[in-house]
Amino acid sequence: MINFVGAGPGAADLITVRGAELLKNADVIIYAGSLVNPGLLKYAKKDCKIYNSAQMTLEEVVSVMLDAEERGLSTVRLHTGDPAIYGAIREQEDILEEHNIKYDVCPGVSSMFGAAAALRAEFTLPDVSQSVIVTRMAGRTPVPESESIESFAAHNATMVIFLSAGMTEELSKRLIKGGYAPETPAAIVYKATWEDERVLKTTVADLHKTAAENGITKTALILVGGFLGDKYDRSRLYDPHFSHGFREGKRD
Ligand code: SAH
């Protein structure tokens, strides 16, 4: 059995209880060493075989899995944050399917939520934005043309941008070109929930200046939108006049 497990954003105690149990029971752990906290390996059994996938190809990773499977061992493939976000799990799953190998996925706390917590922010503020756009700048992995930063910026919604901390100059220009006002609040969160976490508040116009001044080029999220500002409406759900299935609203 293979379990793809989300390691959480950084702090070792942000893995799920289920994820930690799977780690404790694993005979083989393949972890994404570039971003997974090595502190999580403390859960591993003494005789657990541990591989760092940062130095491995897809073929090498899968060959470790197939070998473990042949020997009836249980494998954890530990991915940073949640495996569903830029996790490259699909290509592994498809090879396992071809070999008729059973696998499961255990979710994790994505760094986008680690960053929101670091900012003590709510992505979905009434009257500000009720949508979150999760995207990235094109790098070596292309982004479909219909998903350009400009086209998303036109919504003025909450935006969380992964894998782009080294491209803040172009990102800032494209966010403004697409429709965010230059003074729209923005933040750069470096290594959210790690001990050396840094939270930098800035604006869309000053994104590059802030990244450059602080020497940030990777392991950071860029967050953009009015949710980082001061204005919003209070929620309807907790409004005394609002009725719903669990509470009768006041009439006056
Ligand atoms: N599956 C992961 C994302 C993997 S892609 C998740 O759910 O978080 C790797 C990118 O995620 C990095 O380039 C960076 O943009 C972001 N990232 C991962 N961990 C981070 C952290 N602790 N703080 C800020 N950004 C992080």
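These figures come from a predicted structure and were not determined experimentally. All heavy atoms count here, side chains included; hydrogens, waters and symmetry mates do not. Just so you know, residue 1 is the first one in the sequence shown, and it goes up from there.
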TODO: State, to 0.1 Å, how close Ala44 and Ile29 come at their nearest heavy-atom pair, and which atoms those are.
DONE: CB-CD1, 3.7 Å
Task: Shortest non-hydrogen separation from Ser243 to Glu248 and the atoms involved - done: OG-OE2, 3.6 Å
Task: Val64 side chain reached by Met56 side chain, heavy atoms, under 4.5 Å - done: yes
Task: Cluster link Tyr31 to Leu40, ILVMFWY, side chain under 4.5 Å - done: yes
Task: Atom pair CD (Glu69) and OG (Ser74), whose distance is rounded to the nearest 0.5 Å - done: 9.0 Å
Open item on the list: Minimum heavy-atom separation for Gln55 and Glu60, please, with both atom names.
Closed with: O-OE1, 3.9 Å
Task: Pairs involving residues 228-239, ordered by first then second residue, that meet salt bridge (charged side-chain N to carboxylate O under 4.0 Å, His left out) (sequence neighbours left out) - done: none
TODO: Flag yes if more than 12 heavy atoms outside Lys218 fall under 6.0 Å of its NZ atom; otherwise flag no.
DONE: no
Open item on the list: Closer than 3.5 angstrom, by distance alone: can the side chain of His241 be matched with the main-chain N or O of Lys250 as a donor-acceptor pair?
Closed with: yes
Open item on the list: Any side-chain to backbone donor/acceptor pair from Ser164 onto Met137? Under 3.5 Å, distance only.
Closed with: yes
Task: Ile101-Leu73 co-clustered via ILVMFWY side chain contacts under 4.5 Å - done: yes
Task: Closest non-hydrogen atom pair between Ala186 and Leu207, with its separation - done: CB-CD2, 4.1 Å
Open item on the list: Applying a strict under-4.5 Å side-chain criterion to I, L, V, M, F, W and Y, I'd like to know whether Tyr232 and Tyr180 cluster together.
Closed with: no
Open item on the list: Could you measure the distance from the CG atom of Asp27 to the CG atom of Asp47? Nearest 0.5 Å is fine.
Closed with: 7.0 Å
- [ ] Please lay out, stage by stage, how Val5 and Ile15 fare under the test side chain to side chain contact (heavy atoms under 4.5 Å, CB included).
- [x] CA-CA 9 Å; Val5 175; Ile15 192 166; 4.2 Å; yes
TODO: Taking the side chain as every heavy atom from C-beta outward, state whether Leu200 and Glu213 have any atom pair closer than 4.5 Å.
DONE: no
Task: Between CD on residue Glu59 and OG on residue Ser63, distance to nearest 0.5 Å - done: 9.5 Å
Task: In one Ile/Leu/Val/Met/Phe/Trp/Tyr side-chain cluster, 4.5 Å: Tyr51, Leu23 - done: no
- [ ] For Thr203 and Pro182, work out which heavy atoms get closest and say how close.
- [x] CB-O, 3.7 Å
- [ ] Please examine the side chains of His155 and Ser129, heavy atoms only from C-beta on, and report whether any two atoms are closer than 4.5 Å.
- [x] no
- [ ] Tell me, please, which residues at least two apart from Glu93 pass side-chain contact (heavy atoms from CB on, under 4.5 Å).
- [x] Phe4, Ile89, Arg90, Tyr103, Val105
Open item on the list: Could you check whether any side-chain heavy atom of Met65 comes within less than 4.5 Å of a side-chain heavy atom of His99, counting everything from C-beta outward?
Closed with: no
Task: Separation of Lys173 NZ from Leu171 CG (nearest 0.5 Å) - done: 11.0 Å
Task: Residue pair Asn52 / Ala32: nearest heavy atoms and the distance that separates them - done: OD1-C, 4.2 Å
- [ ] On the 0 to 90° scale, with breaks at 30° and 60°, tag the Phe123-Phe227 ring pair as parallel, tilted or perpendicular.
- [x] perpendicular
- [ ] Would you confirm whether Asn214, through its side chain, and Ile216, through its main-chain N or O, come within 3.5 Å as a donor-acceptor pair?
- [x] no
Task: Over 12 foreign heavy atoms within 6.0 Å of NZ, Lys45 - done: yes
Task: Heavy-atom side-chain proximity of Ile2 to Gln92 below 4.5 angstrom - done: no
Task: Side chain to side chain, Leu22 and Asp104, heavy atoms closer than 4.5 Å - done: no
Open item on the list: Quick one, Lys201 and Leu119 - any side-chain contact, counting heavy atoms below 4.5 Å?
Closed with: yes
Task: Pairwise side-chain contact, Ile149 with Leu175, heavy-atom cut-off 4.5 Å (strictly under) - done: yes
- [ ] Apply the test side chain to side chain contact (heavy atoms under 4.5 Å, CB included) to residues His79 and Ser53: give CA-CA distance (whole Å), side-chain angles for both, the deciding distance (0.1 Å), then the verdict.
- [x] CA-CA 10 Å; His79 281 275; Ser53 65; over 6 Å; no
Open item on the list: With a 4.5 Å cut-off on side-chain heavy-atom distances among I, L, V, M, F, W and Y, is there a chain of contacts connecting Ile85 to Val36?
Closed with: no
Without placing hydrogens or testing angles, list every side-chain donor-acceptor pair under 3.5 Å for residues 187-194, not counting sequence neighbours.
unit_1	atom_1	unit_2	atom_2	d
Lys191	NZ	Asp196	OD2	3.4
Thr193	OG1	Gly10	N	3.4
Thr193	OG1	Ala11	N	3.0
Trp194	NE1	Pro9	O	3.1

Task: Distance, nearest 0.5 Å, that separates OG of Ser111 from CG of Leu14 - done: 11.5 Å
Open item on the list: If you apply the rule salt bridge (Lys or Arg N to Asp or Glu O under 4.0 Å), what do you find for Glu21 with Arg18, and how did you get there?
Closed with: CA-CA 5 Å; Glu21 280 304 311; Arg18 184 187 296 179; over 6 Å; no
- [ ] Please round to the nearest 0.5 Å and tell me the distance separating atom CE of Met159 and atom OG1 of Thr135.
- [x] 6.0 Å
